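If you're wondering where the values come from, they're calculated on a predicted model, not measured in any experiment. By convention here, the first residue in the shown sequence is residue 1.
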Amino acid sequence: MSAADPEKQLEAMVTQTVELAISQKDAYFQEIEASNEILKIKDPKEFVFGLIMGQILGLGVAALAQMKAASGQGNPTPQDQMKVRDMAYKLVPQIRERIFE
């Protein structure tokens, strides 16, 4: 990936974050099962979906901040953060399908 195309770089990072987060779903379900007396989660699949979306959005903005800092562009703007959100939201149907399968 070239530094000349930060959008493609960010998109690849969001996709990679999705894959990493989803690869952990079974561990999340096991943790919920083991600790649900404390956690009191009513719908484990919705909880895991929210957890994964939070990871994607948080790590996406963090990666964007790192990319902008490395290129001397400062912090991500609200518009930059919306770009990350839009990239993640485009993947919601696939993410839901993989969690709820």
Side-chain angles (χ1 to χ4, degrees):
M1 236 160 290
S2 71
D5 195 353
E7 185 128 353
K8 287 274 186 217
Q9 194 175 9
L10 182 61
E11 209 168 299
M13 190 284 316
V14 168
T15 301
Q16 182 179 4
T17 302
V18 168
E19 291 305 316
L20 180 62
I22 289 177
S23 75
Q24 298 297 314
K25 74 176 182 167
D26 291 338
Y28 298 144
F29 287 128
Q30 289 172 356
E31 180 60 31
I32 291 167
E33 192 175 312
S35 304
N36 209 27
E37 284 184 31
I38 296 166
L39 298 173
K40 301 196 184 316
I41 294 168
K42 290 185 171 108
D43 188 336
K45 290 181 178 181
E46 286 294 344
F47 180 85
V48 169
F49 172 73
L51 179 66
I52 287 173
M53 288 304 296
Q55 287 177 329
I56 294 165
L57 295 170
L59 292 172
V61 171
L64 181 59
Q66 188 175 23
M67 287 167 45
K68 289 193 87 160
S71 65
Q73 296 177 5
N75 292 320
T77 65
Q79 292 81 9
D80 292 332
Q81 293 178 40
M82 286 176 60
K83 225 183 268 187
V84 171
R85 184 206 63 200
D86 291 346
M87 287 176 185
Y89 282 14
K90 273 195 260 181
L91 300 171
V92 164
Q94 296 95 321
I95 295 167
R96 290 188 76 81
E97 182 179 313
R98 290 175 67 188
I99 292 169
F100 287 80
E101 63 187 4

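By the criterion of side-chain heavy atoms lying less than 4.5 angstrom apart, applied directly or through intervening Ile, Leu, Val, Met, Phe, Trp or Tyr residues, I41 is grouped together with I52 in one hydrophobic cluster. One hydrophobic cluster holds both M87 and M13 under the rule that ILVMFWY side chains link at heavy-atom gaps under 4.5 Å. Both F100 and I32 are members of a single hydrophobic cluster when ILVMFWY side chains are connected at heavy-atom separations under 4.5 Å. M82 and V18 end up in different hydrophobic clusters when Ile, Leu, Val, Met, Phe, Trp and Tyr side chains are linked at under 4.5 Å.
More than 12 heavy-atom neighbours from other residues, nucleotides or ligands sit within 6.0 angstrom of CD on Q24.
Between E46 and R96 there is a salt bridge, with a side-chain nitrogen of the basic residue lying less than 4.0 Å from a carboxylate oxygen of the acidic one. Using a 4.0 Å cut-off between charged side-chain N and carboxylate O, K90 and E11 make no salt bridge.
Nearest heavy atoms, F49 versus I99: CA-CD1, 3.5 Å. Nearest heavy-atom pair, I56 versus I95, reported as atom, atom and distance to 0.1 Å: CD1-CD1, 3.6 Å. Residues P76 and L64 share a closest heavy-atom pair of CB-CD2, 3.9 Å. In this structure, L57 and A88 approach most closely via the heavy-atom pair CD2-CB, 3.8 Å. Residues E101 and K45 approach most closely at O-NZ, 4.1 Å, considering heavy atoms.
Although no hydrogens or angles enter the test, the distance criterion places a donor-acceptor pair under 3.5 Å between the side chain of D80 and the main chain of T77. Side-chain N or O atoms of S71 include one that pairs as donor or acceptor with a backbone N or O of K68 at under 3.5 Å.
When side chains are defined from C-beta on, L20 does not count as touching L59, because their heavy atoms never get closer than 4.5 Å.
Of the inter-residue distances, the one linking N36 atom CG with E31 atom CD reads 10.0 Å to the nearest 0.5 angstrom. The distance from the CG atom of L51 to the CD atom of Q55 is 4.5 Å, given to the nearest 0.5 Å.
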Go through the steps to decide whether F29 and K25 satisfy the test side-chain contact (heavy atoms from CB on, under 4.5 Å), and finish with yes or no. CA-CA 6 Å; F29 287 128; K25 74 176 182 167; 4.3 Å; yes
